[in-house]
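See below for the structure under consideration.
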Protein chains: 2
Amino acid sequence: MKRVTIGDVATHAGVSTATVSRVLNGGLVAESTAARVWESAESLGYSPNALTKSIFAGRSSTIGVVIRDLSSPFYLDLIRGIDEVAAANDSPVMLANTYRRTDREAAQVQAMDQQRVRGLVITADETADNHARRMAENGTPCVIIARTAPGLHSVSLDDVAAGRLMAAHLGDCGRSRVGVLSGRHRPTQVKRAEGLRQGLSERGLPQPEEVLVENEDEVDGAVGSLLRRNDTVVCTTGRLTVSVHMALTHRGLGIPDDVGFLTMDDFPWASTLGISVVTQPSYEMGRRAAELIVEEPATPARIVFQPTLIARGSCGSGA
Amino acid sequence: MKRVTIGDVATHAGVSTATVSRVLNGGLVAESTAARVWESAESLGYSPNALTKSIFAGRSSTIGVVIRDLSSPFYLDLIRGIDEVAAANDSPVMLANTYRRTDREAAQVQAMDQQRVRGLVITADETADNHARRMAENGTPCVIIARTAPGLHSVSLDDVAAGRLMAAHLGDCGRSRVGVLSGRHRPTQVKRAEGLRQGLSERGLPQPEEVLVENEDEVDGAVGSLLRRNDTVVCTTGRLTVSVHMALTHRGLGIPDDVGFLTMDDFPWASTLGISVVTQPSYEMGRRAAELIVEEPATPARIVFQPTLIARGSCGSGA
DNA sequence: GTGAAAGCGCTAACAT
DNA sequence: ATGTTAGCGCTTTCAC
């Protein structure tokens, strides 16, 4: 039950703890000694204590990731990108899901700080920013996703461009009566809607009708009201794709014949369902975020990625 | 840049480090002293070092979770259950995704061991068992999901019952020519197929035709061959649901009129698509797994959960 | 090439 | 009620 320590290995191999440490970390040791030490470590089942190691370095080698919603494909790919870079740098990744609960976000960021993570990638709203900024001031590189925040690195999407991409596609498909559904108060979605408006107006198309929802319960009603005056529904967040789609099909509407549908972020069932989307290069965004942590640039970086359209016919044919 | 330590706080407050420690951890301290210490801690921006705390306790308070596939809804709900119990016990959760790569599974388990996690929940195949068993012997409670393993706790589904549930539903819907698609070598899926065979034979229905696949590329071909002699396709793993469904619809087959479809594990789009599934109580399973870690029962526990059928019409009407 | 010893930030007896 | 002291497991000078 008592853990095997470096001291036990030292005794077993008949050397000092310093020597064992050197062997384990590749210092200057005689071949024969090293062999003996490895053997002892092996036979005693020694497993180095990463905690004590970190206490020395002042911080651990772990990269922390605080995610608002693990069930979102966007975040899943983002994480994959982070994992990839972390693995290449021998950094374990500590992932925490906050389930979109603001209080948990702040708490998780603090927990990560207390774990003395090497760096932190956060997707959270403004509440956690203060904690993150303090961490950054203490020398822990923090990368915020999908937003910018003073003093923190940021990796985000060109949201206005995403909106314009949507407008362009709608224009190509001859859709002009557009209803937009967005989450309330979310800066990214505000910008996407803004880009959409810009794009539509540049094409001489009427401005879209916009409705904001707080959570999924409100989607069905919101979609219903949009349908009164529009033939196309645009959703500015992948999170609500399922609900919006359901609101449409429940009404017996066919896509794209009865109503056009366009949303954000690709997902596994999209191709089966023939849903067109504007996607973010989430995997690459994750990689870049992790790289910022590894590279520790001196000044806050602001990295912006470009969106892509995947047309699958849910707005009709892009003649 | 230099981190604020308990010593700094002590100096600032004019007390000893012991007193600060007591204040922070709720020992016996005079009101006035405590107030002064809190104030100092606050003004210096002190953040306790969880690493050094753990080194003392011998292990950290973190619960480790190694997941083979974060993109699976089953695992997502499992994690939610774990998170819930962990949060209630003030345990941070360290999540690692292995992307179904066996080498990463073993590596991640070892990494968790080195982080001296309080306990470990694993979904991995046999390769990682040795490491986990060693951890268990060293006093770290390990819970394995969806399998049993000597010396480890286990939380799993009654897979045979799941198969029988499928058989019962197929029987109710009058489906008798059943083709089964399973992942190769996976014990859970073998048992589900076995339950299916039992259930069908008890109902006097013909035995199903079974085909095994290694990965997603093979699904389309496998489904094609099943369709030659069957009017219903059963999938024993939620992981392949998308691929199988696509293989069906790509052929222009209507569900359930041209072909019946039944699969494992519920997912967000299932209700929209009208796909019937047999589900596991994944959230509860996660809770139970985390509870085992918190409670540390002396002998390995073997917890088995029962599956449920959600009929949505993809096998026809359950007359 | 190897060991002795100091110390990382913190906690827990043991004094006072 | 508070300070002193001795470690926890490990790394890292600094001698030998």
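- Sorted by first then second residue, the side-chain hydrogen bond (donor to acceptor under 3.5 Å, both in side chains) pairs that include residues 111-120 of chain B, not counting sequence neighbours, are A/Arg3-B/Asp113, A/Ser47-B/Asp113, A/Ser47-B/Arg116, B/Ser91-B/Arg118.
- For residues 55-80 of chain A, the pairs satisfying salt bridge (Lys or Arg N to Asp or Glu O under 4.0 Å) are A/Arg68-A/Glu105, A/Arg68-A/Asp125, A/Asp69-A/Arg100, A/Asp77-A/Arg80, with sequence neighbours left out.
- In this structure, A/Ile6 places its CD1 atom 12 Å from C1' of D/dT12, rounding to the nearest Å.
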Q: Could you go through the salt bridge (charged side-chain N to carboxylate O under 4.0 Å, His left out) check for B/Glu291 and B/Arg288 one step at a time?
A: CA-CA 5 Å; B/Glu291 281 166 9; B/Arg288 208 65 202 78; 3.1 Å; yes
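- Side chain of B/Ser21 to backbone of B/Thr17: no donor-acceptor contact under 3.5 angstrom is found.
- Proximity of a side-chain donor or acceptor of B/Ser154 to a complementary backbone N or O of B/Ala146 within less than 3.5 Å is not detected.
- When rounded to the nearest whole Å, the span between CG of A/Leu51 and P of D/dT11 equals 13 Å.
- If you take CZ of B/Arg116 and P of D/dC10, they are 7 Å apart, rounded to a whole angstrom.
- Positionally, the nearest nucleotide of DNA chain D for B/Ala34 lies more toward the 5' end than for the other of A/Ser21 and B/Ala34.
- Mapping B/Asn49 and A/Ala30 onto DNA chain C by nearest heavy atom places A/Ala30 closer to the 5' end of the strand.
- Rounded to an integer number of Å, the gap from CD1 of B/Ile55 to P of C/dT11 is 12 Å.
- Taking the side chain of A/Asn25 as heavy atoms from C-beta on, and the options C/dG1, D/dG9, D/dT11, the nearest nucleotide is D/dT11.
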Q | Chi angles and distances behind the salt bridge (charged side-chain N to carboxylate O under 4.0 Å, His left out) call for A/Arg104, B/Glu84 | A | CA-CA 11 Å; A/Arg104 285 214 185 174; B/Glu84 209 66 50; 3.4 Å; yes
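- One atom, NZ of B/Lys53, and another, C1' of C/dT11, lie 10 Å apart when rounded to the nearest Å.
- One interatomic measurement links the two molecules: CD of A/Glu31 to P of C/dT2, which rounds to 11 Å at whole-angstrom precision.
- Across the protein-nucleic acid pair, B/Arg3 atom CZ and C/dC10 atom C1' stand 15 Å apart, rounded to whole Å.
- Counting to the nearest Å, the C1' atom of D/dC10 and the CG atom of A/Asp8 are 13 Å from each other.
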Sort me out a list of protein N/O and nucleotides 3-6 of chain C N/O pairs below 3.5 Å, or just none if empty.
unit_1 : atom_1 : unit_2  : atom_2 : d
C/dG3  : OP2    : A/Ser16 : N      : 2.9
C/dG3  : OP2    : A/Ser16 : OG     : 3.1
C/dG3  : OP2    : A/Thr19 : OG1    : 2.5
C/dG3  : N7     : A/Arg22 : NH2    : 3.3
C/dG3  : O6     : A/Arg22 : NH2    : 2.4

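- What you find for A/Phe305 and A/Met285 is that their closest heavy atoms are CD1-CG, 3.5 Å.
- The side chain of A/Val29 approaches C/dT2 more closely than any other nucleotide in the set D/dC10, C/dT2, C/dC10.
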